[in-house]
Amino acid sequence: MTVRTRFAPSPTGFLHIGGARTALFSWAYARKHGGSFILRIEDTDVARSTPEAVQAILDGMTWLGLSWDEGPFYQMQRMDRYKEVIQQLLDSGDAYYCYCSKEELDALREQQMQQGIKPRYDGRWRPEAGKVLPEPPAGVPPVVRFKNPQTGAVVWNDLVKGEIRISNEELDDLIIARADGTPTYNFCVVVDDWEMGITQVIRGDDHVNNTPRQINMLHALGAQIPQYAHLSMILGDDGQKLSKRHGAVSVMQYHEDGYLPEAVLNYLARLGWSHGDDEVFSMAQFCAWFDLDHITPSAAQFNTEKLNWLNAHYIKQADINVLAADIQQRLVALGVNTENGPDLSGVIALYRERSNTLNDLAASIAYFYRKPVIDTVAAEKHLTVDVLPVLAGMAAKLENTTWTTESIHDVIQATVTDNGLKFPKIAMPLRVMVTGGAQSPSIDAVMALLGRDETLSRIRESLMASGKF
RNA sequence: GUCCCCAUCGUCUAGAGGCCUAGGACACCUCCCUUUCACGGAGGCGACCGGGGUUCGAAUCCCCGUGGGGACGCCA
């Protein structure tokens, strides 16, 4: 049978890291087996779903490159079909009307909690052979409940957690249509997974408890039962659960923060799944390797430092032109104009091995395009009165030097030798004057890229500011 | 409370009864490289939740604890 997987987010917020991993695994499984990956938007909660959230999810998927083969399907556009199936269940006796008010239900739930038993619907409107149902109250629009089996158990072999068995006695008759006639989540999922021919349902393990209900409904509809794979959750960096108000961030935030999609993808792939000792691999490799057998059943804690390491790796590997285009935009965002400065690709080549994120990279090269703010601590340490005259002399020599890394290096070396100094004694003050700080790539290479005029202008400005010249 | 799930270095993980003196990666520490900081290279520190079984042999299988998490909506 052809593999068909789906990602089915509800558009009540952005695509966060947990959702992204679920989508990634679902996508990879379909790719691995030459199947189809379907995107379905579960927007039946009209009150909380927004078009902005739909767009945010689409944006996140697109940025990560998780392309879908079918969809996006919107459940709100399938209302007619859901209502048909509800009617079908009503007709077959697998569903029934329930006239309980929310207040009644709340009271029941509270009472059961107090008694220490699992809160569930007591079946007061459930039709039973020989049972006399109450008279439907006038003017109360009923909900529709699914008539769940009361005996036996639902058992399935979860592809990540193994066999799970839940007794039907634990389940109650869930509402499949609200009083206003709109179908609820558990029901729509069933109809869609069935009619879209989903073969493997890969989703978060907060759905484990919904699975037996869904299987029972699938049975009532005579549908084939898909396989289920329940992924454990991802915890925040601090080990705490991710939630709207704590730690959950949009995948697009990673984009903004300067992470490459390759890095995020590679990181997510290794969070809860493994292929021996392999750590760094492409998505093509991942799709070829991916399987459900090597997914960890336990929750995983997000680790930004490891993501940083991977991101640094992918920055080193990235196509320089792609990098330049991206960095260009980030510099603009920093208010830096690159038009009159050195070639961006050359500067990036010098800095790509020293940055964890694209934002770090952009920020650290800004001084090539605008005067740096001189770090006072570094200046105090390195711009000492004894070397300033030496630097002034060297600046004059630089005036007529061929402007290449090698020639510049030779001039610095000559200055060092002539004055009986150590190389850093000259390189460090130069670094502070030219870059503003005490850390940079080889100072000769930096100067070569910066250009003679700008370099000398910065050196002279520093000398003047020292008040000695 | 009831049901369900989970448990290897700080973190992500390898591990399918002997290959385990428990491997790799991130982080951390040391050294090397060096023109500073990084990068890179070489080392180091560091874990099988506890207790019972089963077995010649258990990180691995079973049971019980303990600890964590999830679910119990006219949310998804």
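Side-chain atoms are counted along with the backbone in the values below, which use heavy atoms only and exclude waters and symmetry mates. Proteins come first, then strands; the chains are lettered A, B, ... in the order of their sequence lines, and each starts at number 1.
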TODO: Consider the side chain of Leu105(A), meaning its heavy atoms from C-beta on, and name the nucleotide among rC74(B), rG40(B), rU13(B) that approaches it most closely.
DONE: rC74(B)
Open item on the list: Over all strands shown, is Glu279(A) touching base, sugar-phosphate only, or nothing at heavy-atom distances under 4.0 angstrom?
Closed with: base
- [ ] Select base, sugar-phosphate, or nothing to describe what Val143(A) touches, counting heavy atoms under 4.0 Å on all strands.
- [x] base
TODO: Using whole Å, report how far CD1 of Ile443(A) lies from P of rU36(B).
DONE: 12 Å
Open item on the list: Does the structure show a Watson-Crick or G-U wobble partner for rU2(B), both distances under 3.5 Å? Name it, or say none.
Closed with: rA71(B)
Open item on the list: Apply side-chain contact (heavy atoms from CB on, under 4.5 Å) to residues His16(A) and Val251(A) and explain how you reach the verdict.
Closed with: CA-CA 5 Å; His16(A) 56 81; Val251(A) 292; over 6 Å; no
TODO: Specify the separation, in whole Å, of atom CG of Asp293(A) and atom P of rA14(B).
DONE: 12 Å
- [ ] Select one nucleotide: of rC12(B), rA76(B), rC26(B), the one nearest the side-chain heavy atoms of Asn186(A).
- [x] rA76(B)
- [ ] For Gly272(A), answer base if it contacts any base atom (sugar-phosphate contacts may also be present), sugar-phosphate if it contacts only those atoms, and nothing otherwise; contact means non-hydrogen atoms under 4.0 Å.
- [x] sugar-phosphate
TODO: Would you indicate what Arg120(A) reaches in the nucleic acid, counting non-hydrogen atoms under 4.0 angstrom: base, sugar-phosphate, or nothing?
DONE: nothing
- [ ] Could you check how far CD of Glu103(A) sits from C1' of rG73(B), rounded to whole Å?
- [x] 14 Å
Task: Gap between atoms CG and P, on Asn266(A) and rC12(B) respectively (whole Å) - done: 17 Å
- [ ] Kindly say whether the aromatic ring centers of Phe302(A) and Tyr267(A) come within a distance under 6.0 Å.
- [x] yes
- [ ] Tell me the partner of rA27(B), counting only Watson-Crick (N1-N3 plus N6-O4 or O6-N4) or G-U wobble (N1-O2 and O6-N3) with both under 3.5 Å; none if nothing fits.
- [x] none
Open item on the list: In this structure, how many angstroms lie between the C1' atom of rC5(B) and the CH2 atom of Trp156(A), rounded?
Closed with: 10 Å
- [ ] Could you check Tyr267(A) against Ser101(A) and say which one's nearest nucleotide on RNA chain B is further toward the 5' end?
- [x] Tyr267(A)
TODO: Spell out, as yes or no, whether a donor-acceptor pair under 3.5 Å connects the side chain of Arg21(A) to the backbone of Leu268(A).
DONE: no
Task: Whole-Å gap separating P (rC72(B)) and CG (Asp106(A)) - done: 15 Å
Task: Selection from rC4(B), rA14(B), rG40(B) that lies nearest to any side-chain heavy atom of Lys316(A) - done: rG40(B)
Task: Proximity to the side chain of Ala300(A) - top-ranked nucleotide from rU13(B), rC5(B), rA25(B) - done: rU13(B)
Task: Atom-to-atom span, CD of Glu170(A) to C1' of rC3(B) - whole angstrom - done: 5 Å
TODO: Classify the side chain of Asn210(A) versus the base of rA76(B) as yes if they form a donor-acceptor pair under 3.5 Å and no if they do not.
DONE: yes
Open item on the list: Going by the rule salt bridge (Lys or Arg N to Asp or Glu O under 4.0 Å), which residues pair with Glu84(A) if we only count those two or more places apart in sequence or in a different chain?
Closed with: Arg81(A)
- [ ] With heavy atoms under 4.0 Å as the rule, sort Thr44(A) into base, sugar-phosphate or nothing.
- [x] sugar-phosphate
Open item on the list: Ignoring hydrogens and geometry beyond distance, is the side chain of Asp206(A) in donor-acceptor contact with the base of rG70(B) at under 3.5 Å?
Closed with: no
Task: Gap between atoms CD1 and P, on Ile166(A) and rG70(B) respectively (whole Å) - done: 17 Å
TODO: Specify whether His275(A) and Trp289(A) have parallel, tilted or perpendicular ring planes, treating 30° as the upper limit for parallel and 60° as the lower limit for perpendicular.
DONE: parallel
Task: Pairing partner of rC49(B) (Watson-Crick or G-U wobble, both distances under 3.5 Å) - done: rG65(B)
- [ ] Taking the side chain as every heavy atom from C-beta outward, state whether Leu350(A) and Ser442(A) have any atom pair closer than 4.5 Å.
- [x] no
Task: RNA chain B contacts among residues 227-242 of chain A, heavy-atom distance under 4.0 Å - done: Met233(A), Lys241(A)
Task: Test side-chain hydrogen bond (donor to acceptor under 3.5 Å, both in side chains) applied to Gln75(A) and Asp192(A), step by step - done: CA-CA 8 Å; Gln75(A) 290 188 323; Asp192(A) 286 349; 2.8 Å; yes
Task: Any strand: nucleotide that pairs with rA16(B) via Watson-Crick or wobble, under 3.5 Å - done: none
Open item on the list: Heavy atoms within less than 4.0 Å of RNA chain B: which residues of residues 434-442 of chain A have one? Give them sorted by number.
Closed with: Ala438(A), Gln439(A), Ser440(A), Pro441(A), Ser442(A)
